[in-house]
2 protein chains.
Amino acid sequence: MSVQERKQRERADRERLIVATARELAEQQGWDAVTTRRLAERIEYSQPVLYSHFRGKREIIGAVALEGAAEMAAALRAATSAADGPRARVTALARTYLDFAERNPAVYDAMFQLDGGLAFAREETPEPLKDAFAALLESLGEVAGDGVHPALFTEVFWASLHGLATLTRAGRLPPGDTEQRVELFVERLAVL
Amino acid sequence: MSVQERKQRERADRERLIVATARELAEQQGWDAVTTRRLAERIEYSQPVLYSHFRGKREIIGAVALEGAAEMAAALRAATSAADGPRARVTALARTYLDFAERNPAVYDAMFQLDGGLAFAREETPEPLKDAFAALLESLGEVAGDGVHPALFTEVFWASLHGLATLTRAGRLPPGDTEQRVELFVERLAVL
DNA sequence: TCGATTGTCTAGCGGTGCTAGGATCGAATC
DNA sequence: GATTCGATCCTAGCACCGCTAGACAATCGA
């Protein structure tokens, strides 16, 4: 094990520490509290060290978003594979999605609300993001209905989930009726 | 016409100028560019003047949001009243909503993405916001379907529209297929 | 005309993201 | 083992942010 290898490993460790700390801080106190100074202090390095790993704060948000996308994809697949039949799968998918958004608000923001400098719905879209969409597509494609393109249906279904997630969390919708809303729009949107 | 009345009128004028300028600047260069300094410079007063009208930047965003809500409500009502039959009304509503979001991205952000310090879905919710929701409810209530609470249906429909609007504008959804998405989810969600 | 009040401005506080340039440390060479 | 030298890191500082205290000028009422 060469010295160089050890250094690379330590550098990678520190990068993970930065991302994990940013995420933790964001979940604890919101993204506004994630300043480069506070972040640097928490990882016990000076500010400029952050910039040797990331181009700026935006890229750090992007890294948290990618981490979140991978987790969300895994959660969605776990939930849908444990469900029997299309209806149960779609319901499980919707619940898991909203649950993820509620349990990890900062990560969800990093993925879909904030600017993490990531490309979406494009060729150069990072793999975790594509995969998260694929996870949605896997369960939603089968309930798109005849003559409806699975990707288009998935986009619409996803947008609805996203709308529910964000409006609920931002206090734009009365809290509490989430379950009813989910049932209603699963029932209507999906062809079962 | 007393001197005091003239002063009050001038003060109200200036307040409108602040809101209009903030909105204009936000639409031109994004809300990040709306700093208190730039805003003050544009209205040709010093920074502290802003604070004699509003508690802070947040309240200015809130004022823009209220203005936007009133406009959106008017646009929705104009569109739906010009349409014949429930189906045409709902489609017109959806198109108008998304069109408003696309044409006035900064205002839309002020209403639903940013923190304007406004209360939503509560007793003390400002009138324009309640009225915008009412405008949605008027056309959507009639297609909620039997046994489904109109308000609940409106919330779900609205959330879907909101999801489409935000994901599209943030580049999270491929642009261009908006019309197809609208047709699909109007067809599915509404009971026609 | 003079004091009080109102209105506005200048200047500055503590914070932000980000970076230039110097200090330090450790690895490789002689 | 001493010395060089490059990589690594930190101190200090930039321009900007939202917001406010306190000085100043204009206006009003007596």
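Sequence lines set the chain letters: A, B, ... in the order given, protein chains first and strands last, and positions in each chain run from 1. All values below were derived from every heavy atom in this structure, side-chain atoms included, with hydrogens, water molecules and symmetry-related copies excluded.
Contact check, A/Thr36 against C/dG17: a side-chain N or O comes under 4.0 Å of OP1 or OP2. Between D/dC17 and B/Thr35, a contact under 4.0 Å exists linking OP1 or OP2 to a side-chain N or O. For the OP1/OP2 pair of C/dT19 and a distance below 4.0 Å, the side-chain nitrogens and oxygens of A/Tyr51 include no atom meeting the criterion.
Across the protein-nucleic acid pair, A/Leu50 atom CG and C/dC18 atom C1' stand 11 Å apart, rounded to whole Å. With rounding to whole Å, A/Glu10 atom CD is found 10 Å from C/dA27 atom P. One can place CH2 of A/Trp31 at 11 Å from P of C/dG17, the figure rounded to the nearest angstrom.
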Result block: side-chain N/O donor-acceptor pairs under 3.5 angstrom for residues 80-89 of chain B, not counting sequence neighbours:
residue	atom	partner	partner atom	Å
B/Thr80	OG1	B/Leu76	O	2.9
B/Thr80	OG1	B/Arg77	O	3.2
B/Ser81	OG	B/Arg77	O	3.0
B/Ser81	OG	B/Ala78	O	3.2
B/Arg87	NH2	B/Glu187	OE1	3.1
B/Arg87	NH2	B/Glu187	OE2	2.6
B/Arg89	NE	B/Glu142	OE2	2.6
B/Arg89	NH2	B/Glu142	OE1	3.3
B/Arg89	NH2	B/Glu142	OE2	3.3

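Of the possible polar contacts, none joining the A/Gln47 side chain to the A/Thr36 backbone as a donor-acceptor pair under 3.5 Å is found. Between the B/Arg172 side chain and the B/Leu167 main chain, no donor and acceptor come within less than 3.5 Å of each other.
Under the side chain to side chain contact (heavy atoms under 4.5 Å, CB included) criterion, A/Arg38 pairs with A/Leu25, A/Ala33, A/Thr35, sequence neighbours left out. For the salt bridge (Lys or Arg N to Asp or Glu O under 4.0 Å) test, residues two or more places apart in sequence or in another chain that qualify with A/Arg95 are A/Glu179.
Under 4.0 Å is where a charged nitrogen must lie from a carboxylate oxygen, and between B/Arg23 and B/Glu67 at least one such pair does. The pair B/Arg103-B/Asp99 counts as a salt bridge, with a side-chain nitrogen and a carboxylate oxygen less than 4.0 angstrom apart. Here A/Glu155 pairs with B/Arg181 in a salt bridge; the nearest charged N to carboxylate O distance falls below 4.0 Å.
Between A/His162 and A/Phe157, the ring centre distance reaches or exceeds 6.0 Å. Here the two rings, on B/Phe153 and B/Trp158, have centers that are 6.0 Å apart or farther.
Side-chain atoms of A/His53 and A/Tyr45 form no donor-acceptor pair, as typed in the model, at a separation below 3.5 Å.
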*For nucleotides 4-12 of chain C, just jot down a letter per nucleotide in 5' to 3' order: B, S or -, based on protein non-hydrogen atoms under 4.0 Å.*
----SBB-B
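For the segment residues 15-24 of chain A, no residue has any heavy atom less than 4.0 angstrom from an atom of DNA chain D. Proximity of residues 54-63 of chain B to DNA chain D (heavy atom under 4.0 angstrom from any strand atom) is restricted to B/Gly56, B/Lys57.
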